[in-house]
Number of protein chains: 2
Amino acid sequence: MTDTDSSPTLERKRGSGVKMVYDLLRDEILDLVLPPGSPIDEVQLAERFKMSRTPIREALVRLAGEGLIDTLPNRSTMVSSIDFLNMHTFFDALVLMYRVTTRLAAQHHRAEDLQIIRARQAEFAAAVQAQDALAMIATNAAFHSAIAEAGRNAYFIGLFNRLLDEGRRMLRLYYQSYGDQLPQRFVDEHEDMITVISARDVEAADQLAKVHAEQIVTQIKRLFTRDERLDIAL
Amino acid sequence: MTDTDSSPTLERKRGSGVKMVYDLLRDEILDLVLPPGSPIDEVQLAERFKMSRTPIREALVRLAGEGLIDTLPNRSTMVSSIDFLNMHTFFDALVLMYRVTTRLAAQHHRAEDLQIIRARQAEFAAAVQAQDALAMIATNAAFHSAIAEAGRNAYFIGLFNRLLDEGRRMLRLYYQSYGDQLPQRFVDEHEDMITVISARDVEAADQLAKVHAEQIVTQIKRLFTRDERLDIAL
DNA sequence: TGTATTTTATTTGTCGACAAGAAATCGACA
DNA sequence: TGTCGATTTCTTGTCGACAAATAAAATACA
């Protein structure tokens, strides 16, 4: 890992360094490649990416702003822990955002939005077909994120994406312990959601999102409550 | 401004510089001391606070993360504009957060929460009494923020505070043009909200928050739509 | 006089180095 | 052997300086 590696005199474009390390670190955190509590060493990252600590630091400040890492002043910085104690607040917010974004999508979507949503749904269906649990998590989040985008409310989009990120971490924690798969039922429900959205049936969209979200929540809750091993990760 | 000034060898505590400039810049932005579009010059701030550009930069990255400033790569950074075109999305989110946070406060509040809420309400009533429009804006936001805290959902608290900040900018824009005052009616409604929260009447809290929020929204809307001068600020 | 091109200037992005703060290590002493 | 204190080490926070990118200004040319 410390050899001269691939690029000898790598020339980076001026502003791209921070985005690169931000994106990669973010992915590694959300995929639990860096599990909660992992130490984040600036100088280690600096020599890993062959750049100064300054752009590394900027990326870390951004991640800290999103709550993905915690910074102990003058001491250390590490990947933030998953708050299982207040998980119910997460579920409350998640269900509400599911409903609101689906509602707004039914109201404000345009033709091109539906194309994107359908593409995401196809990817999700493929992941389910392939029994690829991690791909299911990612494509499911992308599907609902696309719906939120169609709703065109930046405030809701922001919070929802944040929640989906947090959920990605929690689900990943589960799916790497087991080898389970999400049921085919979700695929069908997604199809129904697309139907009512394109029909601009706001109330039906809301109701569908509600049962869909609560179903996911109860499933996740069941997984976590019957598995005490996860308590140690707190 | 460039003389030796007050403190000759001012010793700042190690991590306090960024917080100081962050807090102050944030206040100046929200109070429209720095109106939308104002250029933010790093070196100017650096010599103003007598520190290096590095901590300034960190504060700016944080502010950019909250959407309070916009950074043009390699060019300039300035105070972000108020998005009047999508104001309805702001109102949608604001009303919903009003409702949700008040609901949750009725459910989860503790005795000490009510003390804080009542204190904020007293400050708001005093501001109304004194006809201090700016103080009304601030204390009203603080009142509802305290209710949100009592609801104990970090996700909703985060979004709601963000919305209150944005609303603070918009209202400030209005109240510095005119000399109007919020009606006494809001004080009474606040009292009603405290009553139903302490009675843990969730549905009544929700309903009260709904009419309260929508009333505020319609009032703001009326102010902005009847005043075309504000279009130029976009 | 108007337009294209070079030059200058200003601002940001990055770097290497140093200092401060806190934890870990070591050592003195009971 | 255990505890307290000094020292070392390790990481972060800050600094001054340089380089790149862009905009503005100046110049050349038709």
Side-chain angles (χ1 to χ4, degrees), chain A residues 1-2 4-5 7-25 29 34 36-81, chain B residues 2 4-5 7-25 29 34 36-80:
Chain A
M1 198 73 82
T2 48
T4 49
D5 208 45
S7 32
T9 59
L10 72 170
E11 295 282 326
R12 243 179 285 271
K13 259 182 296 180
R14 203 162 139 81
S16 71
V18 296
K19 178 171 170 48
M20 162 173 294
V21 62
Y22 167 82
D23 286 336
L24 190 121
L25 227 44
I29 291 173
L34 295 174
S38 302
I40 305 284
D41 188 3
E42 294 178 1
V43 19
Q44 186 177 322
L45 287 170
E47 54 194 39
R48 174 180 169 190
F49 290 97
K50 295 187 172 58
M51 58 172 72
S52 167
R53 273 178 51 221
T54 310
I56 305 285
R57 223 145 189 297
E58 179 173 332
L60 294 185
V61 169
R62 279 213 251 167
L63 290 169
E66 297 178 27
L68 291 179
I69 62 176
D70 289 331
T71 301
L72 284 294
N74 279 322
R75 222 170 319 158
S76 68
T77 151
M78 55 193 209
V79 177
S80 67
S81 60
Chain B
T2 48
T4 48
D5 209 42
S7 32
T9 59
L10 73 169
E11 295 281 326
R12 240 181 286 270
K13 259 183 295 181
R14 204 161 138 80
S16 70
V18 296
K19 179 171 169 49
M20 161 173 295
V21 60
Y22 167 83
D23 285 337
L24 191 122
L25 227 42
I29 292 173
L34 295 174
S38 301
I40 306 284
D41 188 2
E42 295 178 1
V43 27
Q44 186 177 322
L45 286 170
E47 55 194 38
R48 174 179 169 191
F49 289 97
K50 295 188 172 55
M51 56 172 72
S52 167
R53 272 178 52 222
T54 309
I56 305 284
R57 226 145 187 295
E58 180 173 333
L60 293 186
V61 169
R62 279 212 250 168
L63 289 169
E66 297 178 28
L68 291 178
I69 62 176
D70 288 332
T71 301
L72 284 294
N74 280 320
R75 219 170 322 157
S76 68
T77 150
M78 55 193 209
V79 178
S80 66

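So you know, we letter chains A, B, ... as the sequences are listed, proteins then strands, and number each from 1.
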**Item:** Stepwise side chain to side chain contact (heavy atoms under 4.5 Å, CB included) check, B/Arg48 with B/Leu24
**Value:** CA-CA 12 Å; B/Arg48 174 179 169 191; B/Leu24 191 122; 3.3 Å; yes
**Prompt:** Hey, is the side chain of A/Arg75 pairing donor to acceptor with the base of D/dG13 inside 3.5 Å?
**Reply:** no
**Item:** Distance in angstrom units between B/Gln44 CD and C/dT10 C1', rounded
**Value:** 13 Å
**Request:** Enter the distance from A/Thr77:OG1 to A/Ile40:CD1 here, rounded to the nearest 0.5 Å.
**Result:** 5.5 Å
**Prompt:** Which whole-number value in Å describes the distance from B/Phe49 CZ to D/dC15 C1'?
**Reply:** 18 Å
**Complete:** Distance col, row A/Arg57:CZ vs A/Glu42:CD, nearest 0.5 angstrom, shows 4.5 Å
**Prompt:** Touch check for A/Glu58, heavy atoms < 4.0 angstrom, all strands: base, sugar-phosphate only, or nothing?
**Reply:** nothing
**Asked** Between atom CG in B/Asn74 and atom P in C/dT12, what is the gap in whole Å?
**Response** 10 Å
**Request:** Let me know the distance between CZ of A/Arg57 and P of D/dC15, rounded to the nearest Å.
**Result:** 12 Å
**Asked** Between B/Thr54 and A/Val43, who's closer to the 5' end of DNA chain D by nearest nucleotide?
**Response** A/Val43
**Prompt:** In whole angstroms, how far is the C1' atom of D/dT11 from the CG atom of A/Leu60?
**Reply:** 13 Å
**Comparing A/Arg53 and B/Arg53 on DNA chain C - which has the more 5′ nearest nucleotide** = B/Arg53
**Message:** What's B/Ile40 touching, base or sugar-phosphate or nothing? Going by heavy atoms closer than 4.0 Å.
**Reply:** sugar-phosphate
**Message:** Using whole Å, what does the distance between atom P of nucleotide D/dG13 and atom CG of A/Asp41 come to?
**Reply:** 12 Å
**Asked** Rounded to the Å, how far apart are A/Leu72 CG and D/dC10 P?
**Response** 19 Å
**Prompt:** Quick one: is D/dA19 close enough that its OP1 or OP2 comes under 4.0 Å of any side-chain N or O from A/Arg14?
**Reply:** no
**Complete:** Whichever of B/Pro73 and B/Ser16 has the more 5' nearest nucleotide on DNA chain D, that residue is B/Ser16
**Request:** Give the rounded distance in Å between these two atoms: CD of A/Glu42 and P of D/dT14.
**Result:** 11 Å
**Request:** Determine, step by step, whether B/Leu60 and B/Thr71 satisfy the side chain to side chain contact (heavy atoms under 4.5 Å, CB included) criterion, reporting the C-alpha distance in whole Å, the side-chain angles of both residues, the deciding distance to 0.1 Å, and the verdict.
**Result:** CA-CA 9 Å; B/Leu60 293 186; B/Thr71 301; over 6 Å; no
**Message:** Distance check, rounded to the nearest 0.5 Å: B/Met20 atom CE versus B/Lys13 atom NZ?
**Reply:** 10.0 Å
